Amino acid sequence: LPKLQYNPEKNHGTLVVTLRKEEEGFWQDLDLLGRLQQPAVQRKQDNRKSEAKKKSNPLIKVIDADSEDADEDSNTNNENDTSSSEVMNDLLSINKKSPTYGLFQHFSNVFRDYAREGLAQEMLECPNPDEINDGEYDDQNESEQRNKREMRIEMENEKFDPDRYLNDLCVEEEGDMIFDSALTMVPHWMETGATPRKPEESVENITNQLTKLSTSDNQTPFFTSEESHLLATLPPQNNIQQLSAEQKRAAFLSLTDILFTYAYDHRTTDGDPTVESSWTVMILSPSMAWLENYNPPYDTVADVVRWSIRRSLIYPYLRSYTLARKIVEDVCLIFKGGRRTIIRCLLQLHRIMEKSESHYLFNKLYTDPLIGWVQRCEENEVQQFRREVEDLMNGSDLLGTQYLDLDLVELEKSFFNNEEEESTSSEDEDDDEDGSVDYESDSDSRGVDEDTMGTTDEELSSACERNQDAEQKPDEKVGTNHSAALMDENIGCAASTTSGLGNIVLGADEGGKAWKGLIEEA
């Protein structure tokens, strides 16, 4: 029974009514508004004879505005109803032949019937998504998917630029502001406790942690008021109530490549999306760029992650394998944060696509259905899939460069070999330049001695003969300048061949006596 209490002293009279719950405890997942649209199972009641569980109406029922008018006119317009049903059957038969796409393959002819002309070329990399291509397979849908996948891989191989990849290969050593910021930033999925980080043990941090402790059951809501309002305004996803195991698996694979591309843009823009963010998200995701439909168990987690890494080395600004592996770690952390962390990422992705003039339809095809589906998932399913991604990243080599089918191993090997050869040749040139400088410095230090060593014996003997002729003819007058020059020349010649004499400088006034003594000594 409810408890009633009246307090006349509080606020001039207050009536407090206490109602007990049918079941003790707190209601779970009230912040996940999409779960309120999910049909609930009736609880057991004592007054009912049957104990079997029956499906009840959803807590929030979607009312068709045209249902009342249809009921009023049902008796008078039977012929029109018959003709309209025939038209609907014809449309359904046409839709069965058209290619389907979207998260659960629930859409077809979207770009042909609802989008403006030319939007498919601006929005997708896949050409003509609504056209049928004949294949060799009996299953038309399987044929379409195989043809699109072959076209996608072929186009990726054509657009791969080895020179651009090699330029970004050494970006860590050379330094790049965007690359360094992308690796060092702390995204919101790490701040929410998805990964244990050890803060500094300071008095301020300890005080902040103590203030967060509370004995009450009231907890701070995970979503902000803005995020809760966006969750409430999203269209209901009533067509994803009953899914097979294969459909759930395919949805997890699509969610993986979409979270990868979101995390890449979030890191490279430092959490502040730009006008190019919608293009980046689209081009890195096979699900969006090519409307890829994964087919488990043939398509595995390793395949999806490898295709995402491949595209991150072909299209965006930063084409770094190190950054791509960091993004895979981010995907694991987002899954580890649980459903709410995933929904927050998808809500931010919804805002990015909503502001784009070319990519807004991706919200209808993928983002909104994913938000509705993740709210209805169980937490243990999310964590089980997260463990698969972690095992792939930590204990397996399936994400190595040799498995990306871009010949990166040979490309990097030849690049580093060329770098070693260039560095070796440059070192040899530096050694040669250093040796020539030393030689010149030695030559300068030796000075005149090295220059005089170049005098030949013939020049010395001819100089001596000229001097003897001058002595034998004392009466012959020789010009003062000429005799001085001759004496200097003879002195230099004799000094060049005399060992131990060093640099000899003799004055011109000493005459022939000094020269004669020098010749005899030599």
Side-chain angles (χ1 to χ4, degrees), residues 26-40 56-64 102-104 106-107 187-194 217-243 247-248 251-252 254-256 258-259 261-263 265-266 271-273 277-278 281 285 287-288 330-331 333-356 359-383 385-386:
F26 295 95
W27 287 313
Q28 301 293 329
D29 301 331
L30 289 180
D31 55 342
L32 302 180
L33 302 181
R35 295 183 70 91
L36 299 178
Q37 301 173 0
Q38 182 180 7
S56 64
N57 294 327
L59 299 179
I60 298 178
K61 184 177 181 181
V62 180
I63 300 176
D64 190 0
L103 181 62
F104 298 107
H106 288 162
F107 300 95
H188 64 85
W189 52 83
M190 297 177 66
E191 294 176 350
T192 55
D217 295 327
N218 297 328
Q219 298 180 357
T220 305
F222 183 88
F223 297 111
T224 63
S225 57
E226 218 177 281
E227 293 170 341
S228 299
H229 181 264
L230 182 56
L231 273 177
T233 56
L234 291 178
Q237 305 294 326
N238 296 325
N239 54 352
I240 57 175
Q241 295 177 4
Q242 296 180 354
L243 299 175
Q247 287 178 316
K248 290 182 179 180
F252 270 118
S254 297
L255 178 62
T256 301
I258 290 176
L259 288 179
T261 185
Y262 162 77
D265 179 76
H266 189 82
D272 186 13
S277 294
S278 61
V281 171
S285 171
S287 295
M288 292 185 175
D330 289 332
V331 173
L333 294 178
I334 293 173
F335 277 115
K336 189 175 183 180
R339 293 172 296 174
R340 290 167 178 81
T341 303
I342 297 173
I343 292 172
R344 172 167 288 171
C345 296
L346 294 175
L347 289 175
Q348 294 184 7
L349 183 59
H350 176 92
R351 294 193 189 98
I352 293 174
M353 294 301 184
E354 190 177 29
K355 297 177 181 179
S356 173
H359 306 103
Y360 60 90
L361 278 179
F362 283 126
N363 283 339
K364 182 179 181 64
L365 297 177
Y366 288 99
T367 310
D368 294 348
L370 277 173
I371 293 174
W373 171 71
V374 172
Q375 291 181 85
R376 302 182 185 187
C377 283
E378 299 297 332
E379 189 63 38
N380 58 352
E381 296 177 346
V382 176
Q383 297 307 319
F385 186 81
R386 183 261 306 173

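None of these values were measured; they are calculated from a predicted model.
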- prompt: Does the side-chain contact (heavy atoms from CB on, under 4.5 Å) test come out yes or no for R340 and L32, once each step is laid out?
  reply: CA-CA 8 Å; R340 290 167 178 81; L32 302 180; 4.2 Å; yes
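Between C345 and H188, the shortest heavy-atom distance links the atoms SG-CE1, 3.6 Å. R344 and F222 get closest at one heavy-atom pair: NH2-O, 2.6 Å. Residues E379 and R339 approach most closely at OE1-NE, 3.0 Å, considering heavy atoms. Taking every heavy atom of both residues into account, K248 and E381 meet most closely at NZ-OE2, 3.9 Å. Shortest non-hydrogen contact noted between H359 and S278 is ND1-OG, 3.1 Å. Between L370 and A251, the shortest heavy-atom contact is CD2-O, 4.2 Å.
W189 places none of its side-chain heavy atoms less than 4.5 Å from the side chain of V331. Looking only at side-chain heavy atoms (C-beta outward), F335 and T256 come within less than 4.5 Å of each other. Taking the side chain as every heavy atom from C-beta outward, D368 and K364 never approach each other to under 4.5 Å. Between Y366 and L349 the shortest side-chain heavy-atom distance does not fall below 4.5 Å. By the 4.5 Å heavy-atom criterion applied to side chains, V374 and V382 are not counted as neighbours. Using a 4.5 Å cut-off on side-chain heavy atoms (C-beta onward), N363 and L234 make no contact. Considering only heavy atoms from C-beta on, L346 stays 4.5 Å or farther from Y262 through its side chain.
Between the S285 side chain and the V281 main chain, no donor and acceptor come within less than 3.5 Å of each other. Under the 3.5 Å distance criterion, the side-chain polar atoms of T233 are matched with a main-chain donor or acceptor of L230. A donor-acceptor pair is defined here as one N or O able to donate and one able to accept, closer than 3.5 Å; no such pair exists between the side chain of S277 and the backbone of P273.
Distance check, rounded to the nearest 0.5 Å: NE2 of H266 to CG of D272 gives 10.0 Å. Rounding to the nearest 0.5 Å places CG of L365 at 12.5 Å from NE2 of H106. If you take CG on L361 and OG1 on T367, they are separated by 11.0 Å, rounding to the nearest 0.5 Å. Between atom CG of residue L103 and atom CD1 of residue I258 there is a gap of 7.0 Å, rounded to the nearest 0.5 Å. To the nearest 0.5 Å, the span separating CD1 on I342 from CG on L347 amounts to 12.0 Å. Taken to the nearest 0.5 Å, the CE atom of M190 stands 7.5 Å off from the CG atom of D330.
W373 and F104 have perpendicular rings, their planes meeting at more than 60° on a 0 to 90° scale where under 30° would count as parallel.
Between the side chains of Q348 and R351, no donor-acceptor pair of N or O atoms lies under 3.5 Å.
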